[in-house]
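Let me begin by presenting the structure, written as structure tokens, before commenting on it.
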Amino acid sequence: MNYDFETPVNRSNTGSEKWAAMHRSNPNVGKDVFPFSVADLDIKTAPQIVKGLQEYIETAVMGYDLPTDDYYRAIIDWMGKRHAWEIKKEWIICTPGIIAAFYSAIRAFTEPGDGVLYMGPVYYPFMKSIKNTKRTLINNSLVRNGDRYEIDFDGLAEKAKDPKTKLMLFSNPHNPVGRVWTKAELEKVVEICAVNDVLILADEIHHDLIMPGHVFTPMAAISEAAADICITATAASKSFNIAGLRNSNVIVSNPELHSAFKLDMEMTGIGGGTNVIGLKATEIAYTAAEDWLEEFKALIWHNHETLKDFLAKELPEVTVFDLEGTYLQWMDFSAFGLTHKQLEDITEQEAQVFLDEGYIFGDEGRGYERISLGAPTKTLMEAIQRLVTVMKKYRKQG
């Protein structure tokens, strides 16, 4: 590899959210233990972004800046080149993160008490944003078919028929189960939502992190009907590990939806959206760091295969799902017969392995764990070895 994906970056006492959470959960954690929970990376930032920001800061004035034409061109070219999605400048709205987009979409397109669809297990801010805005949670749970998750289209059609159901929050690729939805699957979702006047907020933040053998399709790109009902949330933050710069792009081609979304942003005081460093970092990432991303994806695939092979041999009770997209590995520990709280205590207190517990993604995730593969392979496998050693003690007898 041309880039350093082998040197782990210890982020203790740097303000890292996941490191702070690890030390809260187990104050006696070993000094060389790394967390694998929150989806950000303990690896070096792409050197193109570091160098580009250094050069920018030398002359930049940190005032009230707007996205530049170069910024918009970077977004447009990236979507066209990487995903065959031809978008326009006037469709792009900058927001300070994807979660802010969830709230704006819910407020702009629904009223308190209205139903908002989602498919559990799913990224927990989906449920939180629905609850916090006093909307009704409408869960159309994914169906596990062996080692693969599928969409319950019959259930979706039935739930979408309710006239009070106005919006769907849709994860593509899906976090945490790692599915990259096919074009045919997306077409079915759009068909159901369109006929029932249900809008779609498509969270496509993991759109660049697609594993070998799979193809990402932007939901809004599949048809005019899809574009007409879709609010697409994207960012460079997962692809290039720059989430702390709080810069995302919401893409809406329908003029009425575009205006309503922007109005909510204005009413919440967000208005201009993001910050100058975040804008520049995104532009640099999309124009100069594509080869870093490709090597990062190779690391993720290697980590997935290494972890899956190791657990198949050493702890076959654990189901490690195939990874189609994201760098987040979904694993089923339910064969041990433990409660979700017992599992959490064992992993964090005994094994000193800090993951995102499956139950935070909904009741469907009880007994499951989500681990970030975005780490040096050696660091990752040291944690997995600790986990295996401890979990072997909890095997069912007989």
Side-chain angles (χ1 to χ4, degrees), residues 17 38-40 91-140 142 156 159-160 164-177 181 189-190 193 198-207 218-220 226 229-239 243-254 257-274 278 326 328 356 360-362 365 370:
E17 177 183 342
V38 177
D40 69 3
W91 299 355
I92 302 171
I93 305 169
C94 290
T95 67
I98 292 287
I99 295 174
F102 298 169
Y103 281 90
S104 280
I106 292 170
R107 287 190 301 259
F109 306 120
T110 70
E111 299 293 336
D114 283 347
V116 180
L117 274 162
Y118 66 98
M119 301 189 302
V122 75
Y123 183 46
Y124 48 91
F126 276 25
M127 290 85 82
K128 188 174 182 179
S129 60
I130 298 168
K131 289 178 182 177
N132 286 348
T133 52
K134 305 296 190 292
R135 273 59 171 179
T136 303
L137 293 121
I138 309 295
N139 182 13
N140 187 62
L142 294 175
L156 180 61
K159 294 177 175 70
K164 291 288 286 182
T165 301
K166 302 291 180 61
L167 179 68
M168 182 177 190
L169 303 185
F170 188 83
S171 184
N172 177 39
H174 194 280
N175 174 12
V177 308
W181 305 115
V189 173
V190 167
C193 289
V198 175
L199 300 175
I200 301 171
L201 184 288
D203 173 9
E204 298 184 352
I205 195 170
H206 296 277
H207 62 304
M219 180 171 259
I229 63 171
C230 279
I231 302 96
T232 303
T234 73
S237 55
K238 297 303 179 204
S239 309
L245 296 179
R246 308 291 181 181
N247 184 68
S248 301
N249 295 291
V250 173
I251 303 168
V252 194
S253 60
N254 181 317
L257 301 186
H258 190 280
S259 296
F261 187 94
K262 286 196 71 174
L263 178 60
D264 181 82
M265 285 182 58
E266 294 287 346
M267 292 173 66
T268 57
I270 296 174
T274 182
T326 81
L328 305 167
D356 265 338
I360 71 174
F361 301 97
R370 191 194 79 173

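Side-chain atoms are counted along with the backbone in the values below, which use heavy atoms only and exclude waters and symmetry mates. The residues of the chain are indexed from 1 along the displayed sequence.
Counting only heavy atoms from C-beta outward, the side chains of Phe261 and Thr95 approach each other to under 4.5 Å. In this structure, the side chains of Ile130 and Ile106 come closer than 4.5 Å at one or more pairs of heavy atoms. Taking 4.5 Å as the limit, some side-chain heavy atom of Trp91 sits within range of a side-chain heavy atom of Ile251. The shortest distance between side-chain heavy atoms of His258 and Ile231 does not fall below 4.5 Å. The side-chain heavy atoms of Cys94 and Asn249, taken from C-beta on, include a pair separated by under 4.5 Å. Contact of the Lys164 side chain with the Ile138 side chain is not registered, since no non-hydrogen atoms from C-beta on lie closer than 4.5 Å. Arg135 has its side chain within reach of Pro112: a pair of non-hydrogen atoms, C-beta onward, lies under 4.5 Å apart. The side-chain heavy atoms of Asn140 and Tyr118, taken from C-beta on, include no pair separated by under 4.5 Å.
Checked against a 6.0 Å centroid threshold, the rings of Phe126 and Phe102 count as neighbours.
Between Gly120 and Asn139 the shortest heavy-atom distance is N-OD1, 3.0 Å. Taking both residues in full, the closest heavy atoms of Val250 and Ala101 are given as CG2-CB, 3.7 Å, listed atom of the first, atom of the second, then distance. Ile205 and Ser237 get closest at one heavy-atom pair: CD1-OG, 3.4 Å. Heavy-atom minimum distance, Ser239 versus Ala235: OG-O, 4.3 Å. Here the closest non-hydrogen pair linking Ser104 and Met265 is OG-CG, 3.7 Å. When all heavy atoms of Lys159 and Thr165 are compared, the pair lying nearest together is O-OG1, 3.4 Å.
Side chain to side chain, Asp264 and Tyr103 fail the donor-acceptor criterion of an N or O pair below 3.5 Å.
Residue Thr133 holds its OG1 atom at 12.5 Å from NZ of Lys128, rounded to the nearest 0.5 Å. How far CG of Asn254 is from OG of Ser259: 9.0 Å, rounded to the nearest 0.5 Å. Taken to the nearest 0.5 Å, the CD1 atom of Ile98 stands 9.0 Å off from the NZ atom of Lys238. We find the CG-CG distance between Leu117 and Leu199 to be 11.5 Å, quoted to the nearest 0.5 Å.
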Pairs of donor and acceptor atoms involving the side chains of residues 166-177, under 3.5 Å and at least two apart or interchain, shall be tabulated with distances.
{"from": "Lys166", "atom 1": "NZ", "to": "Asp114", "atom 2": "OD2", "distance (Å)": "3.4"}
{"from": "Ser171", "atom 1": "OG", "to": "Pro173", "atom 2": "O", "distance (Å)": "3.1"}
{"from": "Ser171", "atom 1": "OG", "to": "Asn175", "atom 2": "N", "distance (Å)": "3.0"}
{"from": "Asn172", "atom 1": "ND2", "to": "Glu204", "atom 2": "OE2", "distance (Å)": "3.3"}
{"from": "Asn172", "atom 1": "ND2", "to": "Thr217", "atom 2": "O", "distance (Å)": "3.1"}
{"from": "His174", "atom 1": "NE2", "to": "Met119", "atom 2": "O", "distance (Å)": "3.4"}
{"from": "His174", "atom 1": "NE2", "to": "Pro121", "atom 2": "O", "distance (Å)": "3.3"}
{"from": "Asn175", "atom 1": "OD1", "to": "Arg370", "atom 2": "NH1", "distance (Å)": "2.9"}

>> The test is side chain to side chain contact (heavy atoms under 4.5 Å, CB included); show your working for Leu328 and His206 and say whether it passes.
In response: CA-CA 10 Å; Leu328 305 167; His206 296 277; 3.9 Å; yes
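Applying side chain to side chain contact (heavy atoms under 4.5 Å, CB included) to Met219 and the options Val189, Ile229, Thr232 leaves one that passes, Val189.
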